[in-house]
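To keep things clear, I will list the structure first and then write my remarks on it.
Each residue takes its place number in the sequence, starting with 1.
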Amino acid sequence: MELTKQQVQQINNFLEAIGVEYIDIRFEMVDHIASEIENKVSNIPAFYEDQRLHTHFLKYMLSRKEELKKRYDSILKKKFWSDALFILKDMVQQTIKPRNLAILSIVASISFYMNKLQNINTLYFPIILLIGYITYYVLKTREFIKTFGKLKIVHSYSLAGGIIINIAFQFFNLSKLGNNNGDWNSSLFYTMLISFFGLFLSGESFISKMNTIKKKYNYLLE
């Protein structure tokens with residue numbers, strides 16, 4: 001006997017209550033638990049009958065609470081590495097797209113010229129690029145992230161961008177502390193530039209995948 005939508009929703013609500021945050025992972029777990037109940041329980045209406053704390057369904061789920069948390073943690077670890085590999089591969093693929101290749105080539109050429117000048121004011125160039133792209137990215141993706149932010153892959157992209165930005169500005173702060181003379185700092189210049197390249201490629205990768213993610217997971221949010 002198949003579970004009703006309301007019964008399936010109760011599984012979803014329980015998983016959400018114990019901290020299964022990401023919708024796509026939760027859906028996989030709900031589907032698995034629903035199949036288990038359908039195969040193991042002979043009288044499903046009685047199993048779900050509301051008896052408050054004595055409801056068989058609630059007792060069953062509470063008895064498996066720790067197991068379900070461990071399963072979720074295990075899925076998260078696997079997803080972390082698989083998502084990281086997927087994002088890195090796609091970032092490499094983004095470099096050969098004509099538009100992206102043109103932008104990166106122009107930025108690299110200007111940066112090479114500015115490095116030769118070694119003027120303290122040119123240090124602002126990669127920083128302005130970083131801030132400019134962050135602004136563009138936020139405006140481009142904010143509505144999408146509002147809707148699909150509870151998907152693991154979306155969180156993975158956000159994490160990748162956050163790590164790049166954090167590294168860039170941590171290095172910027174350290175460089176300021178270590179150099180108070182206003183001298184040219186090639187390490188800072190190239191760190192900011194590489195951070196821009198990384199952020200640009202991860203951002204373009206995410207933007208290019210938004211429609212695919214929407215088509216794949218839109219039914220989970222209906």
Side-chain angles (χ1 to χ4, degrees), residues 1-41 44 47-48 50 53 55-94 137-138 140-167 198-199 201-222:
M1 182 178 178
E2 289 190 3
L3 301 184
T4 65
K5 286 185 178 180
Q6 185 180 5
Q7 289 166 344
V8 172
Q9 186 62 41
Q10 285 182 255
I11 300 172
N12 180 79
N13 293 345
F14 181 87
L15 292 177
E16 187 175 12
I18 65 171
V20 180
E21 178 184 6
Y22 300 110
I23 296 172
D24 46 338
I25 297 176
R26 195 161 70 236
F27 178 80
E28 291 177 15
M29 293 179 68
V30 166
D31 188 55
H32 183 74
I33 295 167
S35 296
E36 285 181 352
I37 292 173
E38 288 169 354
N39 293 328
K40 292 180 180 179
V41 178
I44 289 177
F47 184 73
Y48 272 92
D50 187 7
L53 295 177
T55 302
H56 293 298
F57 165 75
L58 183 58
K59 285 182 176 180
Y60 174 76
M61 295 301 287
L62 286 171
S63 70
R64 301 189 59 195
K65 180 179 175 182
E66 293 307 315
E67 175 201 336
L68 292 170
K69 281 185 173 182
K70 287 178 182 177
R71 186 191 300 177
Y72 177 59
D73 290 339
S74 176
I75 294 171
L76 275 183
K77 287 177 184 176
K78 290 177 183 176
K79 287 275 189 182
F80 174 84
W81 293 112
S82 62
D83 287 352
L85 185 60
F86 172 80
I87 292 169
L88 285 171
K89 282 183 177 178
D90 198 69
M91 284 172 66
V92 173
Q93 291 174 355
Q94 289 296 321
Y137 178 83
V138 169
K140 186 83 175 176
T141 64
R142 63 181 176 181
E143 292 302 320
F144 182 88
I145 291 174
K146 276 182 186 178
T147 305
F148 295 93
K150 288 292 185 179
L151 295 173
K152 182 66 180 70
I153 185 63
V154 175
H155 178 264
S156 295
Y157 269 109
S158 298
L159 180 63
I163 289 171
I164 293 169
I165 293 169
N166 188 54
I167 289 171
L199 187 63
L201 292 172
S202 67
E204 291 305 298
S205 173
F206 178 63
I207 290 168
S208 72
K209 294 290 181 290
M210 288 197 305
N211 282 335
T212 304
I213 293 169
K214 184 176 181 179
K215 287 177 183 177
K216 185 175 181 180
Y217 295 109
N218 199 44
Y219 72 97
L220 293 178
L221 301 165
E222 290 175 348

Exercise. In Å, rounded to the nearest 0.5 Å, how long is the span from CZ of Arg71 to CD1 of Ile25?
Worked result: 12.5 Å

Problem set entry | Check: Tyr48 and Thr4 side chains under 4.5 Å, non-hydrogen atoms | no

Exercise. Is there a side-chain contact between Asp24 and Lys216 (heavy atoms, below 4.5 Å)?
Worked result: no

Exercise. Are Phe148 and Asn218 close enough that some pair of their side-chain heavy atoms sits under 4.5 Å apart?
Worked result: yes

Exercise. Nearest heavy-atom pair of Ser156 and Asp83: which atoms, and what distance?
Worked result: OG-OD2, 2.8 Å

For this session: Please assess Glu66 against Lys70 for the test salt bridge (charged side-chain N to carboxylate O under 4.0 Å, His left out), listing each intermediate value before the final yes or no.
Result: CA-CA 6 Å; Glu66 293 307 315; Lys70 287 178 182 177; over 6 Å; no

For this session: Answer whether the closest heavy-atom distance between the side chains of Met29 and Ile75 falls below 4.5 Å.
Result: yes

Problem set entry | Atom CD of Glu67: over 12 foreign heavy atoms under 6.0 Å | yes

Exercise. Ignoring hydrogens and geometry, is there a side-chain-to-backbone donor-acceptor pair from Tyr22 to Ile153 under 3.5 Å?
Worked result: no

For this session: Go through Phe144 and Phe206 one step at a time and tell me if the ring-ring contact (aromatic ring centres under 6.0 Å, His included) criterion holds.
Result: CA-CA 11 Å; Phe144 182 88; Phe206 178 63; 5.7 Å; yes

Exercise. Is the backbone N or O of Gly162 less than 3.5 Å from a side-chain atom of Asn166, with the two atoms forming a donor-acceptor pair by type?
Worked result: no

Problem set entry | Residue pair Arg64 / Glu36, side-chain heavy-atom distance below 4.5 Å | yes

Problem set entry | Spacing of OG1 belonging to Thr141 relative to NZ belonging to Lys146, to within rounding of 0.5 Å | 11.0 Å

Problem set entry | Considering all heavy atoms, the nearest Gly161-Ser202 contact | CA-OG, 4.5 Å

For this session: Report the C-alpha separation of Phe14 and Val20 in whole Å, then their side-chain angles, then the decisive distance to 0.1 Å, and conclude whether the side chain to side chain contact (heavy atoms under 4.5 Å, CB included) test is met.
Result: CA-CA 9 Å; Phe14 181 87; Val20 180; over 6 Å; no

For this session: Taking all non-hydrogen atoms of both residues into account, name the closest pair between Gly198 and Met91 and its distance.
Result: O-CE, 3.5 Å

Exercise. Is a side-chain donor-acceptor pair under 3.5 Å present for His32 with Glu28?
Worked result: no

Problem set entry | Reported NZ-to-CZ distance for the pair Lys152 and Arg26, which is rounded to 0.5 angstrom | 14.5 Å

Exercise. Do you know the tightest heavy-atom contact between Tyr157 and Ser205?
Worked result: OH-OG, 2.6 Å

Exercise. Under 4.5 Å between any side-chain heavy atoms of Gln7 and Phe57, yes or no?
Worked result: no

Seminar exercise, completed: CD of Glu143 to CD1 of Ile145, rounded to nearest 0.5 Å, is 10.5 Å

Exercise. Backbone N or O of Val154 within a donor-acceptor pair of the Ser158 side chain at under 3.5 Å?
Worked result: yes

Exercise. Can you tell if the side chain of Ile23 reaches within under 4.5 Å of the side chain of Tyr217, non-hydrogen atoms only?
Worked result: no

Exercise. Taking 4.0 angstrom as the limit, do Lys150 and Glu16 come out as a salt bridge?
Worked result: no

Seminar exercise, completed: For Ile207 and Lys140, the nearest pair of non-hydrogen atoms, with its separation, is CD1-CG, 3.9 Å

For this session: Over all heavy atoms of both residues, which pair between Glu21 and Tyr72 is shortest? Give the atoms and the distance, please.
Result: N-OH, 3.1 Å

Problem set entry | Separation between CG of Leu3 and CD1 of Ile37, rounded to the nearest 0.5 Å | 5.5 Å

Exercise. From Lys214 NZ over to Leu151 CG, what is the distance, rounded to the nearest 0.5 angstrom?
Worked result: 13.0 Å

